[in-house]
Amino acid sequence: MSMLKIEGVHTFYGNIEALRGVDMEVNEGEIVTLIGANGAGKTTLLMTCCGSPQATKGRILFEGQDISRMPTHEICHLGIQQSPEGRRIFPRMSVHENLQMGANTQDPKYFEDDLEMVFDLFPRLKERINQRAGTMSGGEQQMLAIGRALMGRPRLLLLDEPSLGIAPLVVKQIFETIKKINSEKKVTVFLVEQNAFHALKLAHRGYVMVNGNITLSGTGAELLANPEVRAAYLEGGH
């Protein structure tokens, strides 16, 4: 069952065409990853799914409903949440306050249960609950960004570069947690990631983006074994 369907999407920044007719889909229960070089249009695609910027042409369907022209807050209410590139937590607020911000689209009755769920996935956040978010390590801030998105009770979680600028050991931990969010919490995941090796190992399916176009797709294993993908994204270390 297709949860997110992207059909012929073009997105512009001013006169620059960032997405050039993208077609892809994410099925319910999957982890789907999008890999590609810097500037390929990966982040633009995630942002377009969230309504900012909006697609100039084409459609984005979430559970059959066209969300291409919807404002971002309405898209969030439907069950899509994003952990953005660069984390974008509120640095002067505590961990607890950041998580409260993530929950503001939801009924307050869920708050304590959702908080426990986030602390179960990221015990480090529980230890840091009253700490100002800006004083934490990059890895801890990434955990908080994902935790904040989960407080919005998503059915579809969009993750943008969760491994960026984080120590390798913590990257491994974050990818293991993403797997758990998918398998145990039953959240569908659309992951944009430069670390192609980790992302394709984790994903059920993957797509490769070059200059705003999807050039390849397949299962995670197929793309890991693909000579073009290996040469462009996997050679020279993981």
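None of these values were measured; they are calculated from a predicted model.
With Gln54 contributing its side chain and Arg69 its backbone, the two residues share a donor-acceptor pair below 3.5 Å. Side-chain atoms of Asn182 come within 3.5 Å of backbone atoms of Val187 as a donor-acceptor pair (strictly under, hydrogens ignored). Judged purely by atom type and a 3.5 angstrom limit, Asp23 uses its side chain to pair as donor or acceptor with the backbone of Gly8. Side-chain atoms of Glu184 do not come within 3.5 Å of backbone N or O of Ile181 as any donor-acceptor pair. For His204 (side chain) and Glu30 (main-chain N/O), no donor-acceptor pair under 3.5 Å exists by modelled atom type. Checked by atom type and distance alone, the side chain of Lys42 never pairs as donor or acceptor with a backbone atom of Gly39 at under 3.5 Å. In this structure, the side chain of Asn211 does not engage the main chain of Ala40 through any donor-acceptor pair within 3.5 Å. Looking at Ser68, its side chain does come within 3.5 Å of a backbone N or O of Ile60 through a donor-acceptor pair. When atom types are taken as modelled, the side chain of Glu140 and the backbone of Ser137 share a donor-acceptor pair closer than 3.5 angstrom. Side chain of Arg205 to backbone of Ser217: no donor-acceptor contact under 3.5 angstrom is found.
At a threshold of 4.5 Å between side-chain heavy atoms, the hydrophobic network of Ile, Leu, Val, Met, Phe, Trp and Tyr places Met3 and Leu61 in two separate groups. Residue Met117 is grouped with residue Leu144 when hydrophobic side chains (ILVMFWY) are merged at heavy-atom distances under 4.5 angstrom, including chains of intermediate members. Val171 and Phe122 fall within a single hydrophobic cluster, where Ile, Leu, Val, Met, Phe, Trp and Tyr are joined by side-chain heavy atoms under 4.5 Å apart, directly or via other members. Cluster membership for Leu202 and Ile166, using ILVMFWY side-chain heavy atoms within less than 4.5 angstrom, is shared. Taken together through direct or relayed side-chain contacts under 4.5 Å among Ile, Leu, Val, Met, Phe, Trp and Tyr, Ile35 and Met209 form parts of separate hydrophobic clusters.
In summary, the side chains of Ser163 and Glu193 do present a donor paired with an acceptor at a separation below 3.5 Å, with no hydrogens or angles considered. No side-chain donor from either of Ser52 and Thr72 sits under 3.5 Å from a side-chain acceptor of the other. For the 3.5 Å distance criterion, the side chains of Thr44 and Tyr13 qualify, holding a donor opposite an acceptor. The closest side-chain donor-acceptor pair between Thr215 and Asn213, if any, does not fall under 3.5 angstrom. For Thr135 and Gln131, the side-chain atoms include at least one donor-acceptor pair closer than 3.5 Å. Side-chain polar atoms of Glu28 and Thr188 form no donor-acceptor pair below 3.5 angstrom. Between the side chains of Asp160 and Thr43, at least one donor N or O sits under 3.5 Å from an acceptor N or O.
Between Tyr233 and His198, the gap from one ring centroid to the other reaches at least 6.0 Å.
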- Message: Set out, in order, the CA-CA distance, both residues' side-chain angles and the distance that settles salt bridge (Lys or Arg N to Asp or Glu O under 4.0 Å) for Asp120 and Lys180, then state yes or no.
- Response: CA-CA 11 Å; Asp120 178 48; Lys180 208 185 274 189; over 6 Å; no
- Query: When you look at Leu150 and Gln81, which way does the side-chain contact (heavy atoms from CB on, under 4.5 Å) test go after all the steps?
  - Reply: CA-CA 7 Å; Leu150 288 172; Gln81 294 287 339; over 6 Å; no
- Between Leu157 and Phe190, does a side-chain contact (heavy atoms from CB on, under 4.5 Å) hold up when you go through it step by step? CA-CA 6 Å; Leu157 178 63; Phe190 180 19; over 6 Å; no
- Message: For a side-chain contact (heavy atoms from CB on, under 4.5 Å) check, start with the C-alpha distance between Met70 and Gln65, then their side-chain angles and the critical distance, and finish with the verdict.
- Response: CA-CA 10 Å; Met70 267 189 194; Gln65 184 175 354; 3.0 Å; yes
- Item | Residues Thr33, Val192; criterion side-chain contact (heavy atoms from CB on, under 4.5 Å); working and verdict | CA-CA 6 Å; Thr33 192; Val192 158; over 6 Å; no
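Atom-to-atom distance recorded for Arg153:CZ and Lys185:NZ is 11.5 Å, nearest 0.5 angstrom. From Arg20, atom CZ reaches atom NE2 of His10 across 10.0 Å, with rounding to the nearest 0.5 Å. To the nearest 0.5 angstrom, Leu99 atom CG is 8.0 Å from Ser94 atom OG. Distance check, rounded to the nearest 0.5 Å: CZ of Phe119 to CD1 of Ile129 gives 3.5 Å. Considering CD of Glu97 and CZ of Arg92, their distance stands at 12.0 Å, rounded to 0.5 Å. Note: Ile146 CD1 to Met151 CE = 14.5 Å, rounded to the nearest 0.5 Å.
Heavy-atom neighbours of Lys126 NZ from other residues, nucleotides or ligands within 6.0 Å: at or below the threshold of 12. Residue Glu228 qualifies as open at atom CD: its count of foreign heavy atoms under 6.0 Å is 12 or below.
The side-chain heavy atoms of Met101 and Met93, taken from C-beta on, include a pair separated by under 4.5 Å. Residues Leu78 and Ile67 form a side-chain contact, since some pair of their non-hydrogen atoms from C-beta on lies under 4.5 Å apart. Looking only at side-chain heavy atoms (C-beta outward), Met143 and Val170 come within less than 4.5 Å of each other. Counting heavy atoms from C-beta outward, Leu4 and Met24 have side chains that stay 4.5 Å or more apart. Side-chain contact check for Asn195 versus Phe197: some heavy-atom pair is nearer than 4.5 Å. The shortest side-chain heavy-atom distance between Leu159 and Gln82 does not fall under the 4.5 Å cut-off. Considering only heavy atoms from C-beta on, Tyr207 stays 4.5 Å or farther from Leu216 through its side chain. Here the side chains of Thr48 and Leu19 are in contact, with some heavy-atom distance below 4.5 Å.
Minimum heavy-atom separation, Pro154 to Ala149: CD-O, 3.5 Å. Nearest heavy atoms, Val22 versus Gly212: CG2-O, 3.4 Å. Taking every heavy atom of both residues into account, Glu25 and Ser2 meet most closely at OE1-OG, 2.9 Å.
With Val189 as reference, Ile178 is the one residue of Val26, Leu158, Ile178 to meet the side chain to side chain contact (heavy atoms under 4.5 Å, CB included) rule.
Residues Arg155 and Glu63 are paired through a salt bridge, judged by an N-O separation under 4.0 Å between the basic side chain and the carboxylate.
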